[in-house]
Amino acid sequence: MTARLTRLLTTTALAISALTMGGCAMIQSNVANTTLSILEDGVTPPVLQERDVDMACNFSMVNAPLVGAARNFYGDPSLMETVMLSSAGVCSENQAMGEEMRYLRAARDKRADEAQDARIAQKRYLAAAAERQYGAFLRMKNKMEQKYFIKYGESCPKFKRDFDELVYLMGSIGGLQAIQNDIAAQQSVGVPTDVAPMVERAMNCLDNAKWWGAPQAGRATVWSIIPGAGEGHDAKTTFDSSMTIGEYKGVRLAHVMAAISAQSTDDKDRLREVIKRFAKVKDFKQNTDYRLIDAIAESQMTNISDRMWTHNTGSRTPIGSLGKFWDDKIGGDIDAGSFLN
């Protein structure tokens, strides 16, 4: 009788404990997912309407670990993490660019020690960018496969929200950026190159007109930089049509991808053409819902221009001179370089 009572009490205690713990987990999960929903639907849209790139990427660097902690409360922050890690990658890329400027100036002045130090620092920042961008890609990929029961790059999600489409786009582009930055950092992160063909196929799942021409520009980037991938495709025409869409829609992300492609293939004339086109869009109006995306595109295009200016003049693009070059002739014998004085 005593043994039977003991077993009954033990079983009852275990059942109560399980129910209590399950209840706590459910409450925590509800709280975590409600908080994440507020961030996705209530916080992200107004942030995307801002233009301050530094503030956005620094906010993401600080708060990405906090958002990721939602897993400890049975939430799934993968979508928000994709956005934040993609944004944080912009910070690392900008820091890497600062070190590249230092390298170029030191090389011009034949200061070998300074040049070597700057190059090492640049590669460290590029590795940090690659790790963040690859993390964004993986979180997007895993979440989309789990949420929509698809195989990324092989079948398309039936998207329920614009936010999911935006995350899909940002994570996919992040995957391409991660490959390039990892290669530049001597593959210290180990981003697999098979990400590129997956992204190329996956980009067909997005409406090119809705997303500013970026999906097809992303595909054209893969055609341009991966040997053999461009067979049967016209990357230049795809870039041009995608840039036209971006100009009309108010987000010039396709221009950056066209510039990166030209830079990767060392097509200097095409690179100048794309930068000039970016800077001189007639009557351009930023998309008010995605100002931040266009501002990031402008920041990245300025970085590309700065690299060219510093290599040739020792200093960055002069203020208000994006789309102009040091050897441009303005009004006879006056050249753009005179603006440096």
Side-chain angles (χ1 to χ4, degrees), residues 86 89-90 92-94 96-97 99-101 103-104 119 122-123 125-127 129-130 132-134 137 169-170 172-203 213-243 246 252-279 296-312 317 322-323 325:
S86 296
V90 174
S92 298
E93 287 186 333
N94 287 342
M97 179 55 61
E99 294 299 333
E100 185 172 357
M101 298 297 100
Y103 165 78
L104 290 170
R119 187 63 93 188
Q122 178 195 2
K123 289 178 181 179
Y125 283 126
L126 288 172
R132 290 168 179 169
Q133 290 157 345
Y134 187 49
F137 170 79
L169 175 63
M170 292 179 70
S172 297
I173 292 174
L176 297 180
Q177 292 172 316
I179 294 172
Q180 291 181 301
N181 286 328
D182 192 34
I183 291 172
Q186 296 181 314
Q187 296 181 306
S188 56
V189 177
V191 179
T193 55
D194 63 359
V195 167
M198 278 195 288
V199 170
E200 193 272 338
R201 295 189 298 270
M203 285 295 204
Q216 292 304 311
R219 297 187 71 219
T221 301
V222 176
W223 303 338
S224 300
I225 65 177
I226 303 298
E231 187 174 347
H233 299 290
D234 187 344
K236 185 180 183 300
T237 299
T238 301
F239 276 130
D240 287 341
S241 61
S242 294
M243 285 190 286
R252 294 166 292 179
L253 188 56
H255 296 63
V256 177
M257 289 186 271
I260 289 172
S261 170
Q263 188 174 255
S264 299
T265 57
D266 198 30
D267 189 341
K268 294 181 177 62
D269 291 337
R270 173 64 170 171
L271 181 55
R272 285 191 179 213
E273 175 191 328
V274 172
I275 294 173
K276 286 182 178 181
R277 176 170 180 167
F278 181 95
I296 290 172
E298 184 174 356
S299 171
Q300 293 176 322
M301 194 67 84
T302 301
N303 283 344
I304 294 171
S305 176
D306 283 348
R307 179 185 292 111
M308 298 170 69
W309 271 86
T310 302
H311 178 75
N312 286 278
T317 311
L322 182 63
F325 298 95

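One-based numbering along the sequence shown.
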Self-check item: Whether Ser261 side chain and Met257 backbone form a donor-acceptor pair below 3.5 Å
Solution: no
Quiz item: Tell me, do Arg132 and Ser92 make a side-chain contact under 4.5 Å, heavy atoms counted?
Solution: yes
Quiz prompt | Exercise: identify the closest heavy-atom pair between Val189 and Ala127 | solution = CG2-O, 3.3 Å
Quiz prompt | Note, Arg272 side chain near Arg277 side chain (heavy atom, < 4.5 Å) | solution = no
Self-check item: Donor-acceptor contact present, side-chain Ser242 to main-chain Thr238, <3.5 Å
Solution: yes
Self-check item: From CA spacing to verdict: side-chain contact (heavy atoms from CB on, under 4.5 Å), Val191, Phe137
Solution: CA-CA 11 Å; Val191 179; Phe137 170 79; over 6 Å; no
Practice problem: Supply the atom-to-atom distance Ser299 OG to Met97 CE, rounded to the nearest 0.5 angstrom. | Solution: 9.0 Å
Quiz item: Looking at side-chain heavy atoms only, is the closest gap between Val274 and Phe239 below 4.5 Å?
Solution: no
Self-check item: Whether Arg252 side chain and Gly246 backbone form a donor-acceptor pair below 3.5 Å
Solution: no
Quiz item: Under a 4.5 Å cut-off applied to non-hydrogen side-chain atoms, are Phe325 and Asn312 in contact?
Solution: no
Quiz item: At their closest point, which heavy atom of Leu322 faces which heavy atom of Ser305, and how far apart are they?
Solution: CD1-CB, 3.6 Å
Exercise. Quick one: closest heavy-atom pair of Ala130 and Asn181, and the distance?
Key: CB-CB, 4.0 Å
Exercise. To the nearest 0.5 Å, tell me how far Phe278 CZ sits from Ile304 CD1.
Key: 9.5 Å
Quiz item: Which heavy atom of Leu176 sits nearest a heavy atom of Gly218, and at what distance?
Solution: CD1-O, 3.8 Å
Quiz item: Can you find a pair of side-chain heavy atoms, one from Ser86 and one from Gln133, that are under 4.5 Å apart?
Solution: no
Practice problem: Kindly give the heavy-atom pair with the smallest separation between Met301 and Ala259, and that separation in Å. | Solution: SD-CB, 3.8 Å
Practice problem: Dump the intermediate steps for side-chain contact (heavy atoms from CB on, under 4.5 Å) on Ile296 and Leu253, then the final yes or no. | Solution: CA-CA 8 Å; Ile296 290 172; Leu253 188 56; over 6 Å; no
Quiz prompt | Shortest non-hydrogen contact between Ala229 and Val222, atoms and distance | solution = CB-O, 3.6 Å
Quiz item: Are Ser264 and Gln180 side-chain neighbours, meaning at least one heavy-atom pair lies under 4.5 Å?
Solution: yes
Quiz item: Can you find a pair of side-chain heavy atoms, one from Tyr134 and one from Val195, that are under 4.5 Å apart?
Solution: yes
Quiz item: Roughly how far apart are Ile260 CD1 and Thr221 OG1, rounded to 0.5 Å?
Solution: 7.0 Å
Quiz item: Between Arg270 and Asp240, is the closest basic N to carboxylate O distance under 4.0 Å?
Solution: yes
Exercise. Say whether, by atom type as modelled, one donor and one acceptor occur between the side chain of Asp182 and the main chain of Ser188 under 3.5 angstrom.
Key: yes
Practice problem: Rounded to the nearest 0.5 Å, what's the gap from CD on Gln122 to CG on Leu104? Could you check? | Solution: 8.0 Å
Quiz item: Parallel, tilted or perpendicular: which fits the ring planes of Trp223 and His233, with parallel below 30° and perpendicular above 60°?
Solution: parallel
Exercise. Could you give me the CA-CA distance, side-chain angles and deciding distance for His255 and Ile275, then say whether side-chain contact (heavy atoms from CB on, under 4.5 Å) is met?
Key: CA-CA 8 Å; His255 296 63; Ile275 294 173; over 6 Å; no
Quiz item: Would the number of heavy atoms belonging to other residues, nucleotides or ligands and lying under 6.0 Å from CG of Asp194 be above 12?
Solution: yes
Quiz item: Hey, does Leu271 have a side-chain heavy atom less than 4.5 Å from the side chain of Met308?
Solution: yes
Quiz item: In this structure, which one of Glu100, Glu99, Glu93 forms a salt bridge (charged side-chain N to carboxylate O under 4.0 Å, His left out) with Arg307?
Solution: Glu100
Self-check item: Interatomic spacing from CD in Glu200 to CD in Gln216 - rounded to 0.5 Å
Solution: 8.5 Å
Quiz item: Any Lys/Arg nitrogen of Lys268 or Asp266 sitting under 4.0 Å from an Asp/Glu carboxylate oxygen of the other?
Solution: yes
Quiz prompt | Point-to-point distance, once rounded to the nearest 0.5 Å, from OG1 of Thr193 to CD1 of Ile226 | solution = 7.0 Å
